[in-house]
Amino acid sequence: MSENHTPYKPAMIEPKWQDYWRVNKTFKAIDCDYSRPKLYVLDMFPYPSGDGLHVGHPEGYTATDIWCRYKRMRGYNVLHTMGWDAFGLPAEQYAVKTGTHPAETTAKNVKVFRKQLESFGFSYDWDREINTTDPKYYKWTQWIFSKLYEKGLAYESEQPVNWCPELGTVLANEEVINGHSEVGNYPVIRKPMRQWVLKITEYAERLLAGIDELDWPEGTKEMQKNWIGKSSGAEVFFAVQGSKERIKVYTTRPDTLFGATYMVLAPEHPLVEQLCSAERKAAVQAYQKAAAAKSELDRSELNKEKSGEFIGAYAINPVNEELIPIWISDYVLISYGSGAIMAVPAHDSRDFEFASKFNLPVKCILRPSQEDCQAAGLQLAEVLAGKACWEGEGSLFNSANAEISINGLPVQEGKKKISDWLESKGIGKASVNYKLRDWLFSRQRYWGEPFPLVHHEDGSVSLVPEEELPVLLPELEDYKPTADGEPPLARAKHWLQYKDPKTGRSGLRETNTMPQWAGSCWYYLRYLDPHNEEQAWDLEKEKYWMPVDLYVGGSEHAVLHLLYSRFWHMVLYDLGYVSHPEPWKRLIHQGMILGISYKDKRGVLVANDMVEQREGKYYHIESGEELTMLPAKMSKSLKNVVNPDEIIKRYGADAFRLYEMFMGPLTEVKPWNTDGVEGVYRFLHKAWKMIVDTQSGALAAEISEQAPTPEAERLLHQTIKKLSEDIESLSYNTAISQLMIYVNETSRSAQRNLEHMKCFVLLLSPLAPHMAEELWQRLGGQDSLAYEPWPEYDAAKLKVAELEILVQINGKPRGRIMLPAEATRDEMITLAQQNPGIAELLEGKQILKSVAVPGRLVNIVVK
RNA sequence: GCGAGAGUGGCGGAAUUGGCAGACGCGCUGGAUUUAGGUUCCAGUGGUUAACACCGUGGGGGUUCGAGUCCCCCCUCUCGUACCA
């Protein structure tokens, strides 16, 4: 390869520097280097799919890469890593279809991904690359599970789960969207099965409390809080007429206890069978059966119409001894609270709806104010008559018995008083509940981590001893789950048999595997010490690098991955394996990059290959209908997916990086427009030409060591200041804009100072590292510029003697005058009023007031 | 329904946090170079107007010498969530 490629040719420059960085291990992170401040910058690692990278992946990766490169120049010891979240369904489904072992598919895809990521010039320490499917990695995933198990945080449970017949597996609640699987969009039904479950609920309060300390997007914090869903209220015991059983209900409105007119149990409630009267048995059982068979989708479709059955039994309201009928309905969920509610139709809209449908009594015991009522568009009389539901504030009435009265109290005080009374009587107490459920942690799949567990003949379960880890995945011929939900590992007859080497006790291995979240729950810890065969990570290294200073990834993981990981981390903290309770100090979500798409008049999206452009307008290729352009999520079906490889081939990685960052703020959704790449590509050409003589390949003739003009100095120092501030705050779009201004201005100038050019190259280097390295070398740099000190700006050089100041009269721009930069407010006003043009406009007017803002404007208020 | 975020030229987006709205880029218009296309370079580009000028940051009020920015009401869009008692 010749060195005389004088015009800017990214295809020549970029591989050269990528090789240089790899060979010289330029971005190796040094463990426990206490001479420098550490910085751990983490990207959410990808699932290596067969489709390769799309333009969304490199968005976050470029953002962190720029930050890392900048911080290295600022003297930080930066840990920046990449790996593969490679267990998961697509490889397994491919295996089912073709018989190719998922490990083979995974290895192939990882190779493609890695090659693609390298082509962007990301400054990862590739020696720390990890892969969750590597036995050397999942050995430690199993080890962490063992710790959870030992701590009593893992248990088996027979419970209705989300069973997806199409995928042949159970899914977590979080993986089910509108009754369909998140992966593949197949219907999901409820089915009781034996499952491993992790007791994340034990950590609910701490997971909730920890959120406030985090420097995360408010929306994400809010979502986690909602997911945990803490509520406080009271649990109340209701006796049952003619039975010894008591039914526990949970309510957030104990103040409305006197308004309870019936009770509802979840169809799965264990007392239903026992309490149900003989004559209601048939109807009740039919309803239970129907509810159980309903998929999540059916249940949500039934949202509009309440359903239920009376079970022929009555509960006794403990505050007034009234008999209230007991119903079952699927609007009460077995998995929340106690699976039973007291229904107060007058003050709960769901109960009101149910009561209306089944003609149950509505008893109002809370009087809203006239104004509140009007604001809500209701008639007070209707509320009081039980013809309308009131859920807001008000004053309690009809709420007293011989021992207690909460009449006249507002809601909050009523709650407190009645809860205390219930507790004193031993029939209830104030109580807290969480929406968060325990985490369903097993899957009936092949391509996941095996559990380090053995089931013995006596029904007991034990951990596989640590020295036997990892429990390797067995080789199989057939990766398909069986129709009844038996996991594929059950087919590995030989593997299945386990004999304890010490006790000689035999048993069968657990055949479920862990969900994909397992590997990603702790990967950031393995990067700290990826080759350690003795421990998951070294404690000193953990203490040095953790916590992660900046974590960047998609908001789709706002609750799942980010909550599960926090849970594991907190457990590891309790066990003394990590030094901080929270893994990620600061979190940022990159916005989604949308593709260009088209819609017809009905709003239906049309695939891009069905669109033709004529005279700046768009038409359907077949119908001829005119279409409008709009941004839409990239998808194969719309044929609007942009392949980064093609962009890099045409414009180079530097232009690609620059464009993605120039599009707009990192966190916003942005539409991709390939024309826009031209703009940054032109900028790179201009920058190249500013420094290199494209005829000879030598430095541009305008470059010399001659002293720069004050204007050139000012522009440079402005640029340094802007770049420093903008990169620090990840505002790369405005940083790039400033570099463009610098190049546009300087290219016009016949004199360019050599040191200025070097400085410019350093400023450019985090954003467009390949070109910067090449120019640095041509400007006389010996090694990589990756660790050159970041330029500092000189505030004195930003100053000017005279400034153009706007003069306004009554807030309207009326003139511009030159004033000394350090003029005081009074001087500014005087000089402005004396200015001939302004004085003319002020003639005959009375000056009421003058305002001066140094460096900006003078506003004269006249009458 | 609830929660969060956002509405600025033809388009992506700037605006030192109350101080010249539209930086920078795309696109478009005109010109130069070129046999031509492309590239490159120069000039222009929010709207109305011949011009002076006026109007302009989703809509309506308000605070202020001054509002894209602050306050109140309304509208629209995006994302998340959904019978959690």
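Sequence lines set the chain letters: A, B, ... in the order given, protein chains first and strands last, and positions in each chain run from 1.
- For B:G10, the base adopts the anti conformation, since its glycosidic angle falls more than 90 degrees from zero.
- The gap from the C1' atom of B:U69 to that of B:C20 amounts to 15 Å, rounded to the nearest Å.
- Within the nucleic acid shown, A:N433 has no heavy atom closer than 4.0 Å to any nucleic acid atom.
- Residue A:K689 has its side chain nearest to B:U40 when only B:C65, B:G13, B:U40 are considered.
- With B:G12, B:C54, B:C83 as the choices, the nucleotide that has an atom nearest any side-chain atom of A:K306 turns out to be B:C83.
- In this structure, OH of A:Y659 is placed 11 Å from P of B:G12, rounded to the nearest angstrom.
- What separates CG of A:L560 from C1' of B:G80 is a distance of 12 Å, to the nearest Å.
- Applying the 90° criterion around 0 to the glycosidic angle, B:U34 comes out anti.
- Set against B:U81, B:A85, B:C83, the side chain of A:W227 has B:U81 as its closest nucleotide.
- A cation-pi arrangement is absent between A:K306 and A:F354 under the rule of less than 6.0 angstrom and at most 45 degrees off the ring axis.
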(request) With side-chain contact (heavy atoms from CB on, under 4.5 Å) as the test, would you mind laying out the steps for A:I66 and A:R657 before giving the verdict? (result) CA-CA 9 Å; A:I66 293 166; A:R657 294 166 57 112; 3.9 Å; yes
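- The pairing partner recorded for B:A85 is none, the criterion being a Watson-Crick or G-U wobble arrangement whose two distances lie under 3.5 angstrom.
- B:G3 atom P lies 14 Å from atom NZ of A:K225, rounded to whole Å.
- B:G68 sits 12 Å from B:G58 when the C1' atoms are compared, rounded to a whole Å.
- A distance of 6.0 Å separates CD of A:Q718 from CG of A:L798, quoted to the nearest 0.5 Å.
- Of the P atoms belonging to B:G44 and B:G38, the separation is 23 Å, rounded to the nearest Å.
- Across all strands, A:V669 comes closer than 4.0 Å only to sugar-phosphate atoms, never to a base (heavy-atom distances).
- Residue contacts shown for A:K230 are absent, as no nucleic acid heavy atom lies under 4.0 Å away.
- Mapping A:T220 and A:E804 onto RNA chain B by nearest heavy atom places A:T220 at the nucleotide closer to the 5' end.
- Rounded to a whole angstrom, the distance from the C1' atom of B:A67 to that of B:G60 is 15 Å.
- A:Q808 comes within contact range of at least one nucleobase, with a heavy-atom separation under 4.0 Å.
- Rounded to whole Å, the distance from CD1 on A:I596 to P on B:G12 is 11 Å.
- Considering CD1 of A:I596 and CE of A:M634, their distance stands at 8.5 Å, rounded to 0.5 Å.
- Taking atom OH on A:Y732 and atom C1' on B:A14, their separation rounds to 18 Å, with Å as the unit.
- OP1 or OP2 of B:C65 sits under 4.0 Å from a side-chain N or O of A:K849.
- Between A:S231 and B:A85, a side-chain N or O to OP1/OP2 separation shorter than 4.0 Å is present.
- Annotation: B:G3 and B:A82 have their P atoms spaced 16 Å apart (nearest Å).
- With salt bridges taken as basic N to acidic carboxylate O contacts below 4.0 Å, none links A:E353 and A:K357.
- Across all strands shown, B:G66 forms no Watson-Crick or G-U wobble pair with both key distances under 3.5 Å.
- Among the nucleotides B:C24, B:A14, B:C65, the one closest to any side-chain atom of A:S737 is B:C24.
- For the atom pair NZ of A:K722 and CD1 of A:I741, the computed distance is 8.5 Å after rounding to the nearest 0.5 Å.
- At the heavy-atom level, A:L857 lies under 4.0 Å from base atoms of the strands shown.
- Close to B:A85, at under 4.0 Å from its OP1 or OP2, lies a side-chain N or O of A:Y336.
- When both distances must be under 3.5 Å, the Watson-Crick or G-U wobble mate of B:A51 does not exist.
- Residue A:N733 places its side chain closer to B:A14 than to any other of B:C83, B:G80, B:A14.
- Rounded to a whole angstrom, the distance from the C1' atom of B:A85 to that of B:A14 is 49 Å.
- Rounded to whole angstrom, the span from the CE atom of A:M740 across to the P atom of B:G25 amounts to 6 Å.
- As the counterpart of B:U33, no nucleotide is assigned, since no Watson-Crick or G-U wobble pattern has both distances under 3.5 Å.
- Annotation: B:G47 and B:C42 have their P atoms spaced 23 Å apart (nearest Å).
- Both distances falling under 3.5 Å, in either a Watson-Crick or a G-U wobble arrangement, place B:C77 opposite B:G5.
- Proximity note for A:Y331 (side chain, C-beta onward) versus B:C55, B:C83, B:C65: the nearest is B:C83.
- In terms of polar N and O atoms assigned as donor or acceptor, the side chain of A:D675 never comes within less than 3.5 Å of the base of B:C26 in a complementary pairing.
- Judged by distance alone, the side chain of A:Y732 and the main-chain N or O of A:L767 form no donor-acceptor pair under 3.5 Å.
- Under 4.0 angstrom from either OP1 or OP2 of B:G25 there lies no side-chain N or O belonging to A:N673.
- The side chain of A:V861 approaches B:C65 more closely than any other nucleotide in the set B:G19, B:C65, B:A85.
- When heavy atoms are screened at a 4.0 angstrom cut-off, A:P217 is found touching no nucleic acid atom at all.
- Going from atom OH of A:Y681 over to atom P of B:C26 covers 14 Å, rounded to whole Å.
- Taking for each of A:I741 and A:R814 the nucleotide of RNA chain B with the nearest heavy atom, the 5'-most of the two is the partner of A:I741.
- Rounded to an integer number of Å, the gap from A:K686 NZ to B:U40 P is 8 Å.
- B:G25 and B:C11 make up a base pair, with Watson-Crick or G-U wobble contacts both under 3.5 Å.
- Among pairs with a residue in residues 669-691 of chain A, those fulfilling salt bridge (charged side-chain N to carboxylate O under 4.0 Å, His left out) read A:E59-A:K670, at least two apart in sequence or across chains.
- In the set B:G19, B:C55, B:G13, B:G19 carries the atom at the smallest distance from any side-chain atom of A:V851.
- Here A:N859 lies in heavy-atom contact (under 4.0 Å) with a base.
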(request) Go through A:I211 and A:W216 one step at a time and tell me if the side-chain contact (heavy atoms from CB on, under 4.5 Å) criterion holds. (result) CA-CA 9 Å; A:I211 293 171; A:W216 286 19; over 6 Å; no
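- When the P atom is compared between B:U35 and B:A51, the two are found 39 Å apart, to the nearest whole Å.
- The phosphate of B:C26 has OP1 or OP2 within less than 4.0 Å of a side-chain N or O from A:R682.
- Under the 6.0 Å cut-off for aromatic ring centres, A:W672 and A:F656 qualify, their centroids lying closer than that.
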